[in-house]
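Below is one structure, written out as structure tokens; the observations come after it.
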Protein chains: 2
Amino acid sequence: MRTTGDTRARILDAATELFRRQGYAATGMKQILTTAGATYGSAYHFYPGGKTQLGEDVVRTSGAAYLALIGELFQDRAADPAETTARAFTGAAQTLLDLDYADPCPIATIALEVAGTNEALRVATAEVFDSWTDALAAFYGSFGIAESRATARSVIALLEGAFMLGRAARSTAPVLDAAPAAAAIVRAAAGRSPLSGRTEGETL
Amino acid sequence: MRTTGDTRARILDAATELFRRQGYAATGMKQILTTAGATYGSAYHFYPGGKTQLGEDVVRTSGAAYLALIGELFQDRAADPAETTARAFTGAAQTLLDLDYADPCPIATIALEVAGTNEALRVATAEVFDSWTDALAAFYGSFGIAESRATARSVIALLEGAFMLGRAARSTAPVLDAAPAAAAIVRAAAGRSPLSGRTEGETL
DNA sequence: GTCTATATTAGGATAGAC
DNA sequence: GTCTATCCTAATATAGAC
């Protein structure tokens, strides 16, 4: 039995970790509770809606944590946004390695698993993806990139897909390959924007 | 009980369909067999390795079918490869809609689910992704694009990620947004290639 | 708020008749 | 090659004592 944090936090942490490594459906409440050092009584006290409600908490909580991470990675207004984007991918490749190919995205596997079978969870994953898109779009928009939402969405999609191929192959190559590709997406969108030219060729 | 095809094919088809809609872990053998109109006896006769072996057959068979589809979509040597790529994404958005947001990629959900828990299946998904990458890289390479494998991998990753966001949001927008993004990836790679200039500006 | 015990259903897999 | 019956385990969830 661990003693770090309160019981609800331990259950949430254990579920987040296990969902990330095994997926949602393959992870049982029993395993979560054993890992968390908690009991059914506690779990259904905090999550009367059961596994689905716990899953929602996992998705929204880790979604918010990643939103904060996006805010940290994408804040340099002085740098080329395409370069900033590429750097984020390079860092993500390292994260993939550090996690030994567990899912670097805490909601990706869940999102695919529940898209057609659990409406509450599906909505939760959609809202998290939207919040990430909003944050990244705001960053690109601040550089005058016109289709900032479409650009942000594609960059996030590319990262998610690269994680998928990387995990399957147990290789960081797909994520590293995606770094210049992501930069190309951003540069192309910048080139199509009214303020274009400013981000092309010039360092600042 | 259906009578189309033999028993093994019915089991394979049912499993493919259910894995695509519900994922691998959430789909039970019982449900597969009920849907297929088959029994345990038949299932373990054809797949003595059980659910994992059935999953492998699903991954490799539908992986081969998609490889053929890639071959059909990417064969026009007269058109701009970036345009061809964008058109494939537009078509994929329609497929997503036609499937009512079931997974257009038959192995994506499985790939994420098993990446850390089932080595045999993980290898199967990796090999399928590789075969798709090879085919698409050969297409890009035929246009003189130098980093053809990295480009192909990123295009596939972008499509997989766009499917993920699209399924979560029940919207084709992520896939449609990804069409010009994919074209940008291809154009950027072409621009970095020795034979560059040929695919830029010119129609042929 | 936490515990144990249990209800109920489904999970994957096997044996052996036919 | 197909069937039924069954084994054993684990699934989610609940009840009720403490």
Side-chain angles (χ1 to χ4, degrees), chain A residues 1-19 21-59 109-110 113-114 116-122 124, chain B residues 1-19 21-59 109-110 113-114 116-122 124:
Chain A
M1 167 149 66
R2 299 200 221 138
T3 48
T4 314
D6 59 11
T7 302
R8 182 183 177 131
R10 287 205 316 277
I11 294 171
L12 183 62
D13 287 351
T16 302
E17 186 70 12
L18 289 169
F19 289 166
R21 299 194 175 271
Q22 311 177 337
Y24 177 77
T27 302
M29 288 292 279
K30 268 180 187 157
Q31 189 184 9
I32 293 169
L33 295 174
T34 302
T35 306
T39 62
Y40 274 90
S42 299
Y44 283 86
H45 169 72
F46 292 116
Y47 300 104
K51 193 184 177 183
T52 291
Q53 192 182 350
L54 173 56
E56 269 197 65
D57 199 8
V58 167
V59 168
T109 309
I110 302 177
E113 285 186 272
V114 305
T117 52
N118 187 322
E119 186 63 7
L121 265 179
R122 192 218 107 219
Chain B
M1 167 149 63
R2 297 200 224 142
T3 48
T4 314
D6 60 10
T7 304
R8 183 183 176 131
R10 287 206 316 278
I11 295 172
L12 183 62
D13 286 352
T16 302
E17 185 70 12
L18 289 168
F19 289 165
R21 298 193 176 274
Q22 310 176 337
Y24 176 78
T27 302
M29 288 294 278
K30 272 178 184 156
Q31 188 186 9
I32 293 169
L33 295 174
T34 302
T35 305
T39 63
Y40 273 91
S42 300
Y44 282 87
H45 169 71
F46 293 116
Y47 300 104
K51 193 183 177 184
T52 291
Q53 192 183 350
L54 173 56
E56 269 197 66
D57 198 9
V58 167
V59 167
T109 308
I110 302 177
E113 285 185 273
V114 305
T117 52
N118 187 322
E119 186 64 7
L121 266 179
R122 191 219 107 217

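In what follows, chains carry the letters A, B, and so on, assigned in the order in which the sequence lines appear, proteins first and then strands, with residues in each chain numbered from 1.
Looking at E113(A), its side chain never comes within 3.5 Å of a backbone N or O of T109(B) through a donor-acceptor pair. Side chain of S42(B) to backbone of A38(B): no donor-acceptor contact under 3.5 angstrom is found. K51(B) places a side-chain N or O within 3.5 Å of a backbone atom of Y24(B) that can act as its donor or acceptor partner.
In terms of heavy-atom proximity, M29(B) sits nearest to Y40(B) at CB-OH, 4.3 Å. In plain terms, the two heavy atoms of A120(A) and E56(A) that are nearest each other are CB-OE2, 3.6 Å.
Atom OH of Y47(A) and atom C1' of dT2(C) are 16 Å apart (whole Å). In this structure, CG of L33(B) is placed 14 Å from C1' of dG1(D), rounded to the nearest angstrom. Look at NE2 on H45(B): it is 15 Å from C1' on dT14(C), rounded to the nearest Å.
Distances from the side chain of T39(A) to the nucleotides dT4(C), dT4(D), dG1(C) place dT4(C) closest.
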**Asked** When you check every protein heavy atom under 4.0 Å of nucleotides 11-18 of chain D, what one-letter string (B, S, -) results, 5' to 3'?
**Response** BBBB----
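Between the side chains of T117(B) and Q22(A), no donor N or O sits under 3.5 Å from an acceptor N or O.
Taking 4.0 angstrom as the limit, S42(B) places none of its side-chain polar atoms (N or O) nearer than this to OP1 or OP2 of dG1(D). Listed pair T7(B) / dG1(D) fails the phosphate criterion, with no side-chain N or O lying under 4.0 Å from OP1 or OP2.
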